[in-house]
Amino acid sequence: MADTINLTTTTTSSTLEPVFSFLAQALTTLETTFYKLPGSAVIQRYVKSSHQNDPGRTILELILVVFAIRTLLQSRTRADRTGSHFIQFNKKEIDELVDEWAPEPLGAPLTPSEQYDLHALPIVAGQNGVKPKLVSTGKTAVNLASLNFAGLAGNEYIKERAVETLRKYGLGSCGPPGFYGTLDVHMDLERDIADFLGTEASILYSQGFSTVSSVIPAFCKRGDIIVADRGVNFAIQKGIQISRSTVRWYDHNDLESLEAVLQSIEKDRKKRRGPLTRRFIITEGIFERDGAMVDLPKIIELKYKYKYRLLLDESYSFGAVGRTGRGLTEIYNVPASKVDMLIGSCAIGLCAGGGFCAGSNIVVDHQRINGPSFVFSAAMPALLAVSASEGINIFRSTPSIFETLQENVRAARAILDKVEYLTIPSHPASPLIHIQIKPAYSPAASTSNALSSPSSSSSVGTPAPLSPPPSTAGSLHPVSAAMLTPTKHTRDHHEKLLLHPEVIEAEERLLQEIVDECLSQNVMVTKAKRLRGQENVEARPGLKLAISAGLTRKEIEKAVGVVKAVCVKVLGRRK
Amino acid sequence: MALTKPSTPSIFKKKSTTSLSPMASAASYLSALSQADARAREQMNGSPTSTPALSISSSVTSSSEDTVLHEEDDNRDGLALPARPPTSEQVFTTVHTEFGHCANEKFRMTSQHTRGEPVPGHVDQDPPYYILLSTYISYLILIVLGHIRDFLGKRFRASSYHHLMPRDGYAPLNSDFDSFYTRRLKTRMDECFSQPVTGVAGRTIVLLDRMSPDYNHTQLFTGTRTRALNISSYNYLGFAQARGGCADAVEESIKRYGVSTCGSRLEGGSSDLHTISEALVAKFVGMEDALISSMGFATNSTFIPALVGKGCLVISDELNHASIRFGVRISGASVRMFKHNDMKALESLLREVISQGQPKTHRPWKKILVIVEGLYSMEGTLVNLPAIIELKKKYKFYLFVDEAHSVGAMGPHGRGVADYFGINPRKIDVLMGTFTKSFGAAGGYIAGSKTLIDRLRVHGHSGPYAEAMTPPVLIQVVASMASIMGVKPPQPHASSGGLRLTHAPPPVEEEYHHPGPAPHSALPLWLALPQELSLGTEGATRLRRLAFNSRYLHNGLIKLGFITYGHPASPIVPLLLFNPGKMCMFHRMMKDRQTPIIVVVVAYPATPLVTSRVRFCVSAAHTKEDIDTILQACDEVGDVLDLKHGIPRSERWTIDEISSRAVELAGMMK
């Protein structure tokens, strides 16, 4: 028995002998080649001494090396598979799941009202301007819808210059600014804008809307702090969203609320003693959502006090307000260099195309490499750049445009302010005038009963119109009585009610009626079109009037008179 | 062409402008090269400088007299005048510097996929190890040097680091860490980027010469101009022209419509031109309806969020354009990426995501949108559309194809990748593209079913908020598209005035049937295109010239021994350089030749770190001689810079062989 065991061990050892000898040989060759490598002595010495001092450390280091290799080999997209939520399926199960899966349609059809609105859009035949011809009626209408504040649309001189440019540059730039897309006319326009506003430099983007949503992520990164107005336009909201910065909102156009937010951030920062991060205040000059104007000097004061940078979107105020159309900085007589990033639109203010950001050289140069829609988009067509430059020249040479514009705005406001059914949230000087239905005349007043569900009625009650107070106050239900003394709670509630989807829908219908009726009387107006459900805070439905300097005071009075009469007729009918 | 040579060669000799060590020797090479080049040209072309007198009047129509190029009587660079003077029966209607004169019918090809043939995927061709190693080492040196300079600079020249440091309670706008790459690596090669130009970005382009006295921190204009052969602009079909039928139409549109439509599409900025051009675009790409957006980037970034949202999944190719990423990020949908153009990876990812459902909850995805590009702008790869369509049948995802580069440039009728592969475009759910590239305009479109497009009109971000496209751009689109499609002459009995095209959607079939020319009613009534455009002959020639030029350049570079990427039919031809130092040198050596050639060099972060490249964008405007010039230049520069690491020496052709067997070469598949 013992013999056989002995025999087997000798046979195995004899058969394994060549393997052992090979291993030993391989080891020695490995060793010699390793020693031949330059620097191997250092490694050897290191390993030896570290092993001598602390054998545990060798194991630890080995584990570290293995771990490092493992991490390097692991691909990023595979990470999900090892996650605890991953369920293993076999091939058949996956096939079944694939067969079962039924996706939603890519785009649901429009609702009837959306479809109606889309078909009711006025389409201009030929040249757009102050009095365009419409496809639907075949007649000319007075245009209070298109953004043509300074009346540059259809300017013959600009057209001439555009044709000249076309004959020299062709139309498209055929490349992004980084790769042979930068034309001399682009650089000229950038210089013109910077000179006009009084900043060091400016940078051109090829679409006005995309400008601000590209400027924000160029500067604001994860961890930075943005303090923004709740009512900023959609492009800013998207820019903020993509920047992934920490956002704090303050109440719309309420600088006290802004200061409170700034203070609370400061307090937080002191408590946490975190590293210094970039901080920005983002707001608009004239708000796209309601035409309100920001108190620029006050904001600048706050910005310096709390050490923030100011990003001001002047899309609707550049080329619209100020003695020569320079925008808010001109109205308030604040040097534009105090605004760190001043954004404007050449499409709106100059009736050409594209947008710009003006600021210091550092601010502008930074965007040339980091502004996504600057870097990754083709440069603007040369003729649009030249048209914009000519627009600025016209502003410089004929500042009377803006006097006329202000007169027209005053004339329009004189008529509209008196209409009982309407509220106008816009600033008196803003050529962009928003008209909203006064809450008392809103469908909210009548539909509120239906809207407040039984479960919430205990706290909600029946919101009666705020004025006039009913004489039967004594017999009121306690909750309704609370409505009449507008506490903060009831006011909030009332606002919420006005923004209830059904109320909005009803108001939109009324407004569309007004738009259609105006159009039939040859006045082109538009509802403020919004992406419902996608904005930060819902805006109340309204009409958007864009006053132009291209119309005479008489024409404005007549056209706005039509709008007024139609509003009275449509809204009065409901009473 | 300005008589004085720009001051670039003199900067070039100054050792100070660059820290690259092989400069001095390369500089002497360069001057020797350009002299040799000049001699060779003189011998080859029978001294073109002696023939300018007979050319312009005979070869160019009278309208060209007042173009920007009349100042150049001198043809030293060989760009202003065709290599061969035209014969009496050849009439060219284009300006040679914008759109090259080429009458040889042999230099034409059709861009079409042979059915059943495998679609070449993306192949990474590895260079020799010493190239890889030296590339890594150069980056290492650059990074180490940069850090040393930062370290010393912050201590001894604090003022120039002011804007990178926290100051009076303000954090720096741009931290020194974030901007390290820009400051220490990109600045060194700034002369390759943002070169200002003037005039038409056609076959040639005029550079505003500049120089930097302080290591690229500032660029000064010298006041001189250089005309260079343009192989860089996205001008695939050569529609970047200041003369010709399209430009005439645009001029007319400016007179009739002005420059702007003042407002967004939904708020008083809609014009009848929008309706007309959207219908025409839909017809061109073969979809039911289309919408137009005023900026290419914004087409993706503002309409993708209207397609997908929370609970939806976007599966995106890893090399998709920044605008797609922007749009997807804003949409709030989940994103997964798959390896570039790898259909196996896509399928296994699809199986995984459909079976797993949404993360954590495992609810099924509401919808899955696969976003791919037709032609990838940095790689030149063509999407494997037939395979994706097969996958789509099985996995029921929606397909979004970004045809920014491929529309107009690919396919026998220029309708993009679907046309190239002979696939019915209606099998694709959303077709997106831009007008910047092939049509010489600006902006972009999205095409799909009527329901979907109407939804995007109302729910896309651009509709209510972004400015509408301006009339001159719209007409450039209409005129260039119509000239590719051809226009049916008006039928006497046909009722005119119907702007919307009301054809019943044909059933989705396997075979793709080319829809034929556009009806006359699809164009604005006032628009009268010259005959060569309305017949569609010129458009067809452009397509065929582009196809030839693309294949010829691509195969020529391969035969010279270069490593290139991409599909041979693609007008984007990337040539791999690897070493960062070679980018600058390549750019400069091409620009400083007797016939200056401007190229686009791209590096990290647009490409992976090691695969820095030159990207050629071929155009129909180039003549065969232009491509010869480029190949010759690449051949010489490639020898100096040691760039030929492709096919083995024995399989390579000489430059003369390539030039004389061009037609045969272009016909080769690989």
Side-chain angles (χ1 to χ4, degrees), chain A residues 85 89 94 97-98 101 103-104 106-107 109-110 114 121 123-125 127-128 135 145-148 153-154 159 162-163 166-168 170-172 174-175 178-180 182 184 206-210 234 238 242 276-278 307 347 351-353 362 366 369 372-373 376-378 381 387 526 529, chain B residues 68 163 166 169-171 174 182 193-194 196-198 200-201 232-235 240-242 250-251 254 257-263 266-268 270-272 294-295 297-298 322 329-330 351 354-355 360 364 366-367 398 429 436 440-442 451-452 454-455 458 464-467 470 476 600:
Chain A
H85 291 287
F89 292 109
I94 293 183
L97 283 165
V98 166
W101 182 61
E104 284 179 10
L106 186 55
L110 295 176
E114 283 171 334
L121 280 186
I123 294 174
V124 173
Q127 170 108 48
N128 197 0
V135 170
S146 305
L147 303 168
N148 177 24
K159 278 159 97 174
V163 171
L166 169 77
R167 289 310 185 181
K168 198 172 164 206
L171 189 98
C174 289
F179 297 137
Y180 309 102
T182 311
D184 43 1
S206 47
Q207 190 189 45
F209 174 77
S210 295
F234 195 75
K238 290 296 134 186
I242 206 152
L276 190 61
T277 52
R278 287 176 282 255
K307 299 195 185 298
C351 282
I362 290 169
H366 182 78
I369 304 156
S373 70
F376 295 107
S377 156
S387 305
T526 176
K529 303 275 178 162
Chain B
V68 274
H163 64 284
Y170 287 96
N174 195 354
T182 316
F193 306 116
S194 306
V197 294
T198 185
V200 181
S232 298
S233 292
Y234 304 133
N235 177 29
Q241 285 175 292
V250 174
E251 177 172 344
I254 296 175
Y257 287 85
V259 173
S260 165
T261 61
C262 311
L266 298 184
E267 289 183 352
S270 282
S271 124
D272 54 341
S294 55
M295 182 189 191
F297 187 95
R329 249 171 77 184
I330 280 186
R351 292 178 71 84
I354 295 176
S355 62
K360 287 187 187 162
K366 285 186 187 160
K367 44 195 168 185
Y398 297 109
D429 300 282
T436 322
T451 329
L452 181 71
D454 271 349
R455 182 166 188 82
V458 177
Y465 303 116
E467 74 246 32
T470 60
Q476 171 78 20
V600 165

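Throughout, protein chains are lettered first and strands after them, A, B, ... in sequence-line order, and every chain is numbered starting at 1.
Heavy atoms of A/L106 lying under 4.5 Å from chain B belong to its backbone as well as its side chain. Of the two parts of A/I362, only the side chain, counted from C-beta on, holds a non-hydrogen atom closer than 4.5 Å to a non-hydrogen atom of chain B. Residue B/T182 touches chain A through its side chain alone, counting heavy-atom pairs closer than 4.5 Å. For A/F376, the parts lying under 4.5 angstrom from a heavy atom of chain B are both the backbone and the side chain. For a residue to count as touching a neighbouring chain, one of its non-hydrogen atoms must lie under 4.5 Å from one of that chain's; by this rule A/L121 touches chain B with the side chain only. Only the side chain of A/S210 comes within less than 4.5 Å of a heavy atom in chain B; its backbone stays farther off. Within the 4.5 angstrom heavy-atom criterion, only side-chain atoms of A/P381, from C-beta onward, approach chain B. Within the 4.5 angstrom heavy-atom criterion, only side-chain atoms of A/F234, from C-beta onward, approach chain B. Only the side chain of B/Y398 comes within contact range of chain A, with at least one heavy atom under 4.5 Å from a heavy atom of that chain.
Interface summary for chain A: among B/G263, B/A442, B/A441, the most heavy-atom pairs under 4.5 angstrom belong to B/A441. Residue with the most contacts toward chain A among B/L452, B/V250, B/I254: B/I254 (heavy-atom pairs, distance under 4.5 Å). Between chain A and the residues B/G258, B/C262, B/P464, the largest count of heavy-atom pairs under 4.5 Å involves B/C262. Of the listed residues B/P196, B/P364, B/A201, B/P166, the one with more heavy-atom pairs under 4.5 angstrom with chain A than any other is B/P196. Ranked by heavy-atom pairs under 4.5 Å with chain B, the first of A/L171, A/L147, A/T277, A/T182 is A/L171. Ranked by heavy-atom pairs under 4.5 Å with chain B, the list A/G107, A/P103, A/G172 is led by A/P103. Looking only at heavy-atom pairs under 4.5 Å with chain B, the residue among A/S373, A/A153, A/A352 that has the most is A/S373. Ranked by heavy-atom pairs shorter than 4.5 Å toward chain A, the options B/I330, B/T451, B/T470 are led by B/I330.
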_Residue pair B/Y257, A/N128: steps toward the side chain to side chain contact (heavy atoms under 4.5 Å, CB included) verdict_ = CA-CA 7 Å; B/Y257 287 85; A/N128 197 0; over 6 Å; no
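When every heavy atom of B/I354 is checked against every heavy atom of A/W101, the shortest pair comes out as CG2-CB, 3.8 Å. For the residue pair A/C174 and B/N235, the shortest heavy atom distance occurs at SG-CB, 4.2 Å.
We find the OG1-CG distance between B/T261 and A/N148 to be 11.0 Å, quoted to the nearest 0.5 Å. Considering CD of A/Q207 and CZ of B/F297, their distance stands at 10.5 Å, rounded to 0.5 Å. Interatomic distance, OH of B/Y234 versus OH of A/Y180, reported as 12.0 Å (0.5 Å rounding). From B/H163, atom NE2 reaches atom NE2 of A/H366 across 10.0 Å, with rounding to the nearest 0.5 Å. Atom OG of B/S355 sits about 4.5 Å away from atom CD1 of A/I94, to the nearest 0.5 Å. Rounding to the nearest 0.5 Å gives a distance of 11.5 Å between CZ of B/R351 and CZ of A/F89.
Counting only distance, with no hydrogens or angles, the side chain of B/R455 and the backbone of A/L110 share no donor-acceptor pair below 3.5 Å. Between the side chain of B/E467 and the main chain of A/G208, a donor-acceptor pair closer than 3.5 Å is present. A donor-acceptor distance shorter than 3.5 angstrom exists from the side chain of A/S146 to the backbone of B/G268, with no hydrogens or angles considered.
Between B/E267 and A/T526, the side chains place no donor N or O within less than 3.5 Å of an acceptor N or O (distance only, hydrogens not considered). Looking only at atom types and distance, the side chain of B/T198 has a donor-acceptor partner in the side chain of A/D184 under 3.5 Å away.
Counting heavy atoms from C-beta outward, B/S232 and A/F179 have side chains that stay 4.5 Å or more apart.
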